[in-house]
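Values reported hereafter were calculated over all heavy atoms of this structure, with side chains retained and with hydrogens, waters and symmetry mates removed. So you know, we letter chains A, B, ... as the sequences are listed, proteins then strands, and number each from 1.
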Protein chains: 2
Amino acid sequence: MKKKDSILQAATYLFSRKGFKDTSMAELSRMTGAAEGTIFYHFKNKQEIFLTILKNLKEDILPEFERYKGEKSFKTGLDMMEETVSFYLYVAGLKEDLFSILHQRYPYELAETNPECREILEAIYNCFVDIFETAIRAGQEDGSIGDLPARKSALILFSMVDSLVRFRMYNLYDVGALYNEMIASCRRMLGKAKR
Amino acid sequence: MKKKDSILQAATYLFSRKGFKDTSMAELSRMTGAAEGTIFYHFKNKQEIFLTILKNLKEDILPEFERYKGEKSFKTGLDMMEETVSFYLYVAGLKEDLFSILHQRYPYELAETNPECREILEAIYNCFVDIFETAIRAGQEDGSIGDLPARKSALILFSMVDSLVRFRMYNLYDVGALYNEMIASCRRMLGKAKR
DNA sequence: AAGAAAACCGACTGAGTACTCAGTCTAATT
DNA sequence: AATTAGACTGAGTACTCAGTCGGTTTTCTT
């Protein structure tokens, strides 16, 4: 592997575990075997390393969800919603490092001054909320989901699922024990009320 | 005001705005007018300042919720749940600095090695989840809330409400626009299904 | 008023920080 | 074999950091 790639790989690992500020160039150098100078030969500064990782993150994760969007075919929109929740949790587990980076403070701090960073973050979150919205709209068409504001409900749904990811990441709660109840809650929340 | 108090006040402000790592003792000294030596006369190190703030945070916030727990008297448990959500959001807005500290990475990192920190955090979160659980159990007794696992549902409820706080803090979404839909969602999620 | 104790000061330290730069190495091209 | 360009090096730079220390001022006690 090229030095540049191993720098990015190690930086992804370190940033996700220890955060941006708590990762030093000396540590990154030690971990990759690349001299500190080499790191700054490939990236003009520490922030550029982070931005590159964020760009890769987007190009890694979004297609995963886009592909999923094309593939789904379910009995009802409500079932699709459940499968989407499950899929999100699955990907978040698979790409733990990347999702952990999204749950830190630094990217949002950077986004305030750096438009490129802002754009990337927006694209990522739009994609996330979109897949939930798609499922909700499908459910509304086939009658399995009630008549409620799709985008807002998608946002609420996303925030619920994402906090599960957070629980798992910080080891705050056994997520396995919460998963079934979470799905049931989402069904009650969105499903058509019985009259 | 005593120097020690103004140090704590300024540190609370700085830690919540810029995070623990990004707040320097020099800055804290400048802001309070206390010499750096004075800061270390009152606190043995930076971490102790943070722990003191966390302790104060607990002693500030928990009684607020305990008092609320004693006062409530509502038609149904479901109504009480709604009022509790609203109360949590109200306090989170009132004590923005403190809640912002709870949404950072450092306290959880510290909790991994520092049992005292771990205890404080657990006490705080237990208290938070408790007030939601109390409402759910009340609703189950008066029949306004369905027969579902109270603690887990309380945890899901809490995570929903807390992500609203997060949205507001990071300016990610207009929370006012989401509030009504969130309440309605919670009602559907917990309310007794119509048969 | 004298002495003791507590509060306070700020220059200082040494370890750590992101980043630079003059120069070396490697491999492809001529 | 000579040239060239990109990859790489690591000692060095200017700076920031949490924490220390010797000394001064303020406050309390007798």
Inset, instruction - Indicate whether OP1 or OP2 belonging to C/dA6 is found under 4.0 Å from a side-chain N or O atom of B/H42. - result: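 The answer is no; no side-chain N or O of B/H42 sits under 4.0 Å from OP1 or OP2.
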
Inset, instruction - Examine D/dC8: is either OP1 or OP2 under 4.0 Å from a nitrogen or oxygen in the side chain of A/Y41? Give yes or no. - result: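 For D/dC8, neither OP1 nor OP2 has a side-chain N or O of A/Y41 closer than 4.0 Å.
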
Within 45 degrees of the axis of the six-membered ring of [Y] and under 6.0 Å from its centre: does [X] put its NZ or CZ there?
X: A/K3; Y: A/Y41; answer: no
X: A/K21; Y: A/Y106; answer: no
X: A/K46; Y: A/F15; answer: no

Inset, instruction - May I ask you to check whether over 12 heavy atoms, not counting those of B/R187, lie within 6.0 Å of atom CZ? - result: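 Yes, CZ of B/R187 has more than 12 neighbouring heavy atoms, counting only those of other groups under 6.0 Å.
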
Legend entry - Terminal axis angle for the helix from C/dA1-D/dT30 to C/dT30-D/dA1, five pairs an end, nearest 10 degrees: 0°

Legend entry - Validation row: A/T38, A/H42 side chains within 4.5 angstrom (heavy atoms):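 Yes, at least one pair of side-chain atoms sits under 4.5 Å.
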
Give me, pair by pair, the N or O atoms of the protein and of nucleotides 19-22 of chain C that are less than 3.5 Å apart, along with how far apart they are.
residue : atom : partner : partner atom : Å
C/dC19  : OP2  : A/K46   : N            : 2.7
C/dC19  : N4   : A/E36   : OE1          : 3.0

Taking [atom1] from [X] and [atom2] from [N], how many angstroms apart are they, rounded to a whole number?
X: B/D22; N: C/dT17; atom1: CG; atom2: C1'; answer: 13 Å
X: A/I39; N: D/dG10; atom1: CD1; atom2: P; answer: 12 Å
X: A/K2; N: C/dT26; atom1: NZ; atom2: P; answer: 15 Å
X: A/I49; N: C/dT17; atom1: CD1; atom2: P; answer: 14 Å
X: B/F43; N: C/dC8; atom1: CZ; atom2: C1'; answer: 14 Å

Classify the nucleic acid contact of [X] as base, sugar-phosphate or nothing, counting any heavy atom under 4.0 Å across all strands shown.
X: A/S29; result: nothing
X: A/T23; result: sugar-phosphate
X: B/K4; result: nothing

Inset, instruction - Evaluate the ring planes of B/F87 and B/Y68, with Trp represented by its six-membered ring, and classify them as parallel (under 30°), tilted (30 to 60°) or perpendicular (over 60°). - result: parallel

Inset, instruction - Not counting sequence neighbours, list each pair that qualifies as a salt bridge (charged side-chain N to carboxylate O under 4.0 Å, His left out) and has a residue in residues 154-165 of chain A. - result: A/D162-A/R166

Legend entry - Derivation of the ring-ring contact (aromatic ring centres under 6.0 Å, His included) call for B/F99 and B/Y88: CA-CA 11 Å; B/F99 277 75; B/Y88 182 87; 5.6 Å; yes

Inset, instruction - Nearest 0.5 Å please: distance from the CD1 atom of A/I131 over to the NZ atom of A/K69. - result: 8.5 Å

